[in-house]
Amino acid sequence: MDDPFSFSSQSTPSTPVKTYPEGEGAPVSWKTAFESVPTIDFKAQLNAEQYAAVTAPAGPALVLAGAGSGKTRTLTYRVAYLLSQGVQPWEILLITFTNKAAKEMLHRVEDLTGIPQHRFWGGTFHHIGQRFLRMHGQVVGISKDFTIMDQGDAEALLSDAVREVDGAFFRNKDNPKAKVVAEIISYARNTLKPIKTVLDEKYPYFKNLCQLLQAFASAYEQRKRKQGMADYDDLLELWLKVLETDKAVAAEFQGRFKHILVDEYQDTNRLQASLIDTLAANHQVMAVGDDAQCIYTWRGAHFENIVTFPNRHPGTQLFKIETNYRSSPQILELANAVLVNQAQNEGYSKELRAILPNKQKPYVVQAMDNRAQAQFIVRRIQGLLNDGRSARDIAILYRAHYHAMDLQMELSRSQIPYIITSGVRFFEQSHVKDLMSQIRFAWNPQDTIAFFRTACLIPKIGPKTAERLLELAHKEKLKTQGTLIQSLTAEAVVVKVPLEAKDDWVDMSLTLQNLEEALRPPPPPPISDGDLFAPKPTNQAAFIPKAPHEVIALAIEGWYGDFLRTLHPNWTSRRDDLDSLVGFAERYADMAELLGQLVLLNSESTDRSAEEPGDVVRLTTIHQSKGLEFPVVFIIGLAEGLFPIKRAVDEGNIEEERRLFYVAVTRAMEELYLSYPMVSLQGGPPTRLEMSCFLQELPENTYELLHLAPVKMGRW
DNA sequence: TGCCAGGTTATTTTT
DNA sequence: TAACCTGGCA
């Protein structure tokens with residue numbers, strides 16, 4: 001697996017990946033496969049707008065695809081079209097933002113063309129960056145087998161770096177917390193701006209900390225390199241750095257891709273845009289997106305990227321796809337009205353054109369308070385279900401998770417099945433991370449974050465104690481020539497473990513030792529003994545590491561499996577999570593790959609979500625609803641202060657809130673309910689809430705107002 | 001130094 | 001709801 005691009009978004013050892021060396025044609029078998037691609041009548045299967053984009057001649061192209069206009073379809077057919085023109089699959093680079101999108105896209109291409117997914121070069125920015133760096137990272141001083149940290153790990157490492165530079169920093173409560181420091185630094189990196197600029201623009205109240213933050217950033221950087229770690233941003237930042245440093249490598253990749261396709265281009269940040277621009281040195285790039293749906297500027301997304309794309313790629317052809325296949329004309333009329341109120345000069349003008357039959361106008365619903373809002377929705381849902389609607393056709397969208405609290409209670413009470421996609425992801429759940437930390441530490445004893453996480457689980461052991469013990473173990477290691485993990489159980493270390501923690505400490509260390517033995521050959525025995533019968537070095541050559549899923553099973557059987565019971569009351573379900581991790585890991589042949597993927601993949605790819613889609617109502621934030629569609633959509637909390645949310649108003653980010661509202665509205669296919677509570681009972685005395693400005697701005701003929709009387713009225 | 005209980009507070013979160 | 005913080009105690 002040396003070729004960085006010989007992968008699909010999912011690693012499936014069952015279908016071995018073939019790669020073709022540079023300059024060589026594909027093997028004959030492949031050609032046969034290629035010829036068997038069904039001929040597609042592009043003109044018949046696409047509308048005129050889509051057809052134009054799909055069959056665009058080579059060269060830079062920008063496809064503005066409105067909500068529900070068949071964006072994915074267009075992209076998929078574009079790939080098929082290129083293939084039909086003789087382009088080889090490995091000459092196409094397909095970049096998406098999410099794993100979900102990558103998976104879906106590759107899947108659909110395979111369905112359409114019959115060519116297996118893994119022939120295509122596709123994945124998320126981060127996936128591709130990872131593979132690239134595993135190959136060429138040394139150019140910028142990162143080792144091949146770096147470990148990728150997730151958000152939490154990165155913050156922990158950053159905290160360490162901060163304390164190293166200024167031990168008292170976090171004690172001052174006026175200073176930003178580790179999370180915020182991380183945010184600032186990350187934002188700077190993703191937007192290619194100096195920290196100073198970021199502070200000026202977004203955090204003026206931390207301006208005086210500029211020097212300090214810069215010092216934190218570089219200390220953090222050093223730590224990462226020293227410990228062989230990379231955070232998410234590194235995958236992009238260092239990728240770009242390599243391309244800029246090593247012209248030969250850059251040229252190789254620039255020549256390799258004849259066609260680069262980028263999905264959701266409006267959500268690229270400056271760093272990602274630079275990557276694309278660099279790779280697409282010959283302007284062989286098609287960007288697809290919708291600037292009206294850019295909702296991630298707070299994380300560095302820069303929707304002007306889409307606006308200035310033609311400047312950076314001279315000769316760009318512009319395609320607009322505006323026929324909407326998703327929503328009723330009434331819903332689209334409202335959606336278009338949302339955009340009319342956009343500040344001027346915000347992106348491209350667009351108007352979605354309906355082709356579906358008429359339906360009911362969207363409703364605006366005023367409820368007394370949150371509770372009444374929830375009750376209204378529950379009653380309405382019951383009505384829909386009685387009319388034969390499936391629960392899965394219904395979604396409730398909101399701006400922030402906590403807006404849905406009353407609703408959850410009300411739904412549970414009425415026994416309406418629902419799922420809520422909450423903020424915590426599978427791999428970020430504490431027990432999953434606990435377990436994986438042990439494996440990570442066994443895999444890479446340099447990974448002190450993993451060690452601390454594991455050690456501090458034990459009662460009576462906190463960070464300070466853990467640090468002392470680790471130091472002792474290091475000393476011991478030098479003495480005995482063993483491994484660090486072997487030293488954990490050395491007498492000199494164990495005596496320093498707090499009395500009550502001893503049993504757990506030893507158990508934990510023994511498990512770690514088991515894991516280590518499963519992963520790596522034992523170190524050469526000390527020579528000084530003169531022991532002629534010591535195991536011979538040949539043992540090492542013969543060592544075969546255990547498969548990742550076996551290692552995970554080993555860890556569960558070990559110390560943590562039992563310890564978990566003492567940790568959480570709901571340990572059985574957590575134990576199930578861990579067991580499902582074993583199944584998940586079966587897909588991976590080696591630990592390095594698994595550890596890398598674990599961090600890059602989020603909940604989508606777990607077996608868990610595969611089971612999820614049942615016939616249930618879906619509750620989700622608007623951000624997470626992007627790309628989805630539902631026949632019936634409720635958008636709740638449409639009051640000033642809730643949506644647009646107060647903080648966004650304070651910071652002057654109304655336009656992003658408006659785009660968010662636009663995204664929410666365009667999820668709906670047939671029925672749309674926009675509701676808000678008129679009184680807030682949250683914390684303290686009841687306060688009156690105004691109708692959201694987004695509703696106030698709408699022409700009155702775009703919706704029907706429904707004022708809920710306290711008593712039951714009519715059907716609801 | 002570490003633990004625990006109780007209280008507070010709440011943006012959004014592709015990787 | 002849950003995650004986080006704080007203060008007081010062992």
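Note that the coordinates shown come from a computational prediction; the quantities given were computed from them, not determined experimentally. Lettering follows sequence order; numbering is per chain, from 1.
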Report all interatomic pairs (protein N or O, nucleotide N or O of nucleotides 5-10 of chain C) with separations under 3.5 Å.
none

field: Euclidean distance for C1', dT11(B) against dT6(C) (whole angstrom)
entry: 24 Å

message: Roughly how many Å apart are dC4(C) and dT13(B), using the P atom of each and rounding to a whole number?
response: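 Pairwise P distance, dT13(B) against dC4(C), rounds to 15 Å.
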
With [X] via side chain to side chain donor-acceptor pair (under 3.5 Å) - residues at least two apart:
{"X": "Tyr418(A)", "answer": "Ser412(A)"}
{"X": "Glu221(A)", "answer": "Arg225(A)"}
{"X": "Ser509(A)", "answer": "none"}
{"X": "Lys71(A)", "answer": "Asp263(A), Glu264(A)"}

Calculate the interatomic distance between [X] atom [atom1] and [N] atom [atom2]; express it in whole Å.
{"X": "His126(A)", "N": "dT13(B)", "atom1": "NE2", "atom2": "C1'", "result": "12 Å"}
{"X": "Gln408(A)", "N": "dA2(C)", "atom1": "CD", "atom2": "P", "result": "9 Å"}
{"X": "Leu660(A)", "N": "dT11(B)", "atom1": "CG", "atom2": "C1'", "result": "10 Å"}
{"X": "Leu628(A)", "N": "dT14(B)", "atom1": "CG", "atom2": "C1'", "result": "13 Å"}
{"X": "Arg647(A)", "N": "dT12(B)", "atom1": "CZ", "atom2": "C1'", "result": "10 Å"}
{"X": "Glu657(A)", "N": "dT11(B)", "atom1": "CD", "atom2": "C1'", "result": "8 Å"}
{"X": "Tyr398(A)", "N": "dT12(B)", "atom1": "OH", "atom2": "P", "result": "10 Å"}
{"X": "Glu104(A)", "N": "dT14(B)", "atom1": "CD", "atom2": "C1'", "result": "15 Å"}

task: Could you list the residues that satisfy ring pair (Phe, Tyr, Trp, His ring centres under 6.0 Å) with Phe451(A), not counting sequence neighbours?
output: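 So Phe451(A) forms a ring pair (Phe, Tyr, Trp, His ring centres under 6.0 Å) with Phe441(A).
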
field: Closest listed nucleotide, where the reference is the side chain of Trp298(A) and the choices are dT11(B), dT14(B), dT13(B)
entry: dT13(B)

Candidate nucleotides dT13(B), dT11(B), dT14(B), ranked by approach to the side chain of Asp267(A) - the nearest: dT14(B)

Side-chain N or O of [X] versus OP1/OP2 of [N]: is the shortest distance under 4.0 Å?
{"X": "His401(A)", "N": "dT13(B)", "answer": "yes"}
{"X": "Thr621(A)", "N": "dT13(B)", "answer": "yes"}
{"X": "Gln624(A)", "N": "dT13(B)", "answer": "yes"}

query: What side-chain hydrogen bond (donor to acceptor under 3.5 Å, both in side chains) pairs are there with at least one residue in residues 268-279 of chain A, not counting sequence neighbours?
result: Asn190(A)-Asn269(A), Thr268(A)-Asn305(A), Asn269(A)-Gln272(A), Arg270(A)-His302(A), Asp277(A)-Arg312(A), Asp277(A)-His313(A)

task: Run the numbers on Glu467(A) and Lys464(A) for salt bridge (charged side-chain N to carboxylate O under 4.0 Å, His left out), then give the verdict.
output: CA-CA 5 Å; Glu467(A) 198 179 342; Lys464(A) 295 282 184 221; 5.4 Å; no

Qualifying residue for salt bridge (Lys or Arg N to Asp or Glu O under 4.0 Å) with Arg659(A), from Glu655(A), Glu657(A), Glu656(A):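 Running salt bridge (Lys or Arg N to Asp or Glu O under 4.0 Å) over Glu655(A), Glu657(A), Glu656(A) with Arg659(A) returns exactly one hit, Glu656(A).
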
task: Identify whether any heavy atom of Tyr296(A) sits under 4.0 Å from a base atom; if not, whether one sits that close to sugar-phosphate; answer base, sugar-phosphate or nothing.
output: base

query: Gln151(A) near the nucleic acid: base, sugar-phosphate alone, or nothing, with a heavy-atom cut-off under 4.0 Å?
result: base

message: Ignoring hydrogens and geometry beyond distance, is a side-chain donor-acceptor pair present between Gln130(A) and Arg134(A) at under 3.5 Å?
response: yes

task: Identify, between Phe97(A) and Glu651(A), the residue whose nearest nucleotide on DNA chain B lies closer to the 5' end.
output: Glu651(A)

Would you list the protein and nucleotides 1-4 of chain B atom pairs, both N or O, that sit under 3.5 Å from each other?
from: dG2(B); atom 1: OP1; to: Gly462(A); atom 2: N; distance (Å): 2.8
from: dG2(B); atom 1: OP1; to: Gly462(A); atom 2: O; distance (Å): 3.3
from: dG2(B); atom 1: OP1; to: Thr465(A); atom 2: N; distance (Å): 3.1
from: dG2(B); atom 1: OP1; to: Thr465(A); atom 2: OG1; distance (Å): 2.3
from: dC3(B); atom 1: OP1; to: Lys460(A); atom 2: N; distance (Å): 2.2

Pairs meeting criterion salt bridge (charged side-chain N to carboxylate O under 4.0 Å, His left out) with involvement of residues 184-193 of chain A, two or more places apart: Arg189(A)-Asp231(A), Arg189(A)-Asp233(A), Arg189(A)-Asp234(A), Arg189(A)-Glu237(A), Lys193(A)-Glu201(A)

